[in-house]
Amino acid sequence: MKKINADAGMIRIPLIDGDSCTLCGACVAECPKRHLSISNGAVRINTGECMLCSHCYCVCPSDSISFDPKSLRELSFQEIKPAARMTCGPAEAGRIAAAIHSRRSIRKYGKKQPSGKIISDLLEIAVSAPSGSNRQQWEFIVVSGREKVMELAMKIRDFFIAMNRIADNPVSLALSFLFAGKKLFNYKKNHIESVKMALQEFERGNDLLFHGAPSLLVIHGPIDGSTPLEDSVLASYNIVLIAHSIGLGTCYIGYAVESINRSKKIKRDLGIPPGNRVHVVLSLGYPVKKHIRRALRKPYPSNWV
Ligand SMILES: Cc1cc2nc3c(=O)[nH]c(=O)nc-3n(C[C@H](O)[C@H](O)[C@H](O)COP(=O)(O)O)c2cc1C
């Protein structure tokens, strides 16, 4: 397949309208990379790579800064309507805290499929997250529909059956140490029994992997990127919170992350390039039950220095 260079012809710097610019210097002061300066009556772009964070655009009082739409665009929503205000007051803080505090992992979903519009909005919300050096190294796969979810579940089942066979064979277990260190030993010690139980349940028609979800979101990114794991996790948590606030449930599925990353076939089938790793798999759907109380948490160390 011919690879298309998405960056071709893209202008990767702020475009400054000299006619409306008042030379107030707000963009110069804001740029985290110090790429902007004022000289000879104009804002100049210094050498060095702009990380396209758009901070300059966001502080310009005369609206004189824009970007090539091929490199930056405004987020757009179809069902979820973000309020236009730029600040949050205590009322919003209380609501945000309520959303954070009342969210739980959902392990029982109804059949109703979240609409494509809502899922698109969740992706738009996801990419508002911060990212390392603004690289935004997140790529999304939407697995939409229970049939497709089950297709993936069956591939993961096959993966775990094969892995258990290796882990249960003392010779192959010992050999695995040479290639993967303690990974398989740890899997055998910590997870194999619950995986075996889940496999038995799967044969009885109980989906303990994706909990009966009608859709999944898979977030992946380049292995050699800046902070792709953190980028993906932060993006996913935006999804989790907004999904919860509109009555959708989610659950992080770590078992799916592990198996997809270890299986070339599953990665290929999902269209994930070999140079990418999956960082997050989320189940997504409408919860069957509502929790009536908020989560309790363990006491945690907190050392103020
Ligand atoms: C990285 C990660 C992986 C997880 N993997 C699974 C999983 O494979 N299956 C599952 O049912 N829950 C999984 N969870 C959900 C946790 O079990 C859950 O977040 C935790 O028990 C706290 O419960 P709460 O999310 O309802 O507050 C995972 C959570 C995280 C953060």
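Quick caveat: nothing in here was measured; it's all calculated off a predicted structure. Just follow the structure's listing: the first ligand is 1, and inside any ligand the first atom is 1.
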Under-4.0 Å heavy-atom contact with ligand 1, by part of A256 that carries it: neither
[X] neighbourhood, listing ligand 1 atoms whose heavy-atom distance to it stays under 4.0 Å:
X: Y255; value: 8 (O)
X: R107; value: 10 (C), 11 (O), 12 (N), 15 (C), 16 (C), 17 (O), 18 (C)
X: C251; value: 10 (C), 11 (O), 12 (N)
X: H211; value: 10 (C), 11 (O)
X: R297; value: 27 (O)

Indicate yes or no for a side-chain donor-acceptor contact from [X] to the backbone of [Y] under 3.5 Å, with no hydrogens or angles considered.
X: K81; Y: Q78; value: yes
X: D121; Y: I80; value: yes
X: D207; Y: G212; value: yes

Anything under 3.5 Å between a donor and an acceptor, one on a side chain of residues 279-292, the other on a protein residue two or more places apart or in another chain? List them.
from	atom 1	to	atom 2	distance (Å)
S283	OG	Y109	OH	2.7
S283	OG	C251	N	3.2
S283	OG	C251	O	3.4

Protein heavy atom under 4.0 Å of atom 1 (C) of ligand 1: no
Atom 20 (C) of ligand 1 within contact range, any protein heavy atom under 4.0 Å: no
Residue selection (non-hydrogen contact nearest atom 26 (O) of ligand 1) among G254, A198, S105, G249: S105
Close side-chain approach of L199 to N164, heavy-atom, < 4.5 Å: yes
Side chains of P61 and C24 in contact at under 4.5 Å (non-hydrogen atoms): yes
Atom 4 (C) of ligand 1 [closest protein heavy-atom partner, distance rounded to 0.1 Å]: Y252 O, 3.4 Å
Nearest non-hydrogen protein atom, atom 23 (O) of ligand 1: R104 NH2, 3.5 Å
Partner of V278 by side-chain contact (heavy atoms from CB on, under 4.5 Å), out of I266, L270, V257: V257
For a quick test of your reading: what N or O donor-acceptor pairs under 3.5 Å do the side chains of residues 88-101 make, sequence neighbours left out?
from	atom 1	to	atom 2	distance (Å)
E92	OE1	G89	N	3.1
E92	OE2	R85	NH1	2.8

Ligand 1 contacted by A295 (non-hydrogen, < 4.0 Å): no
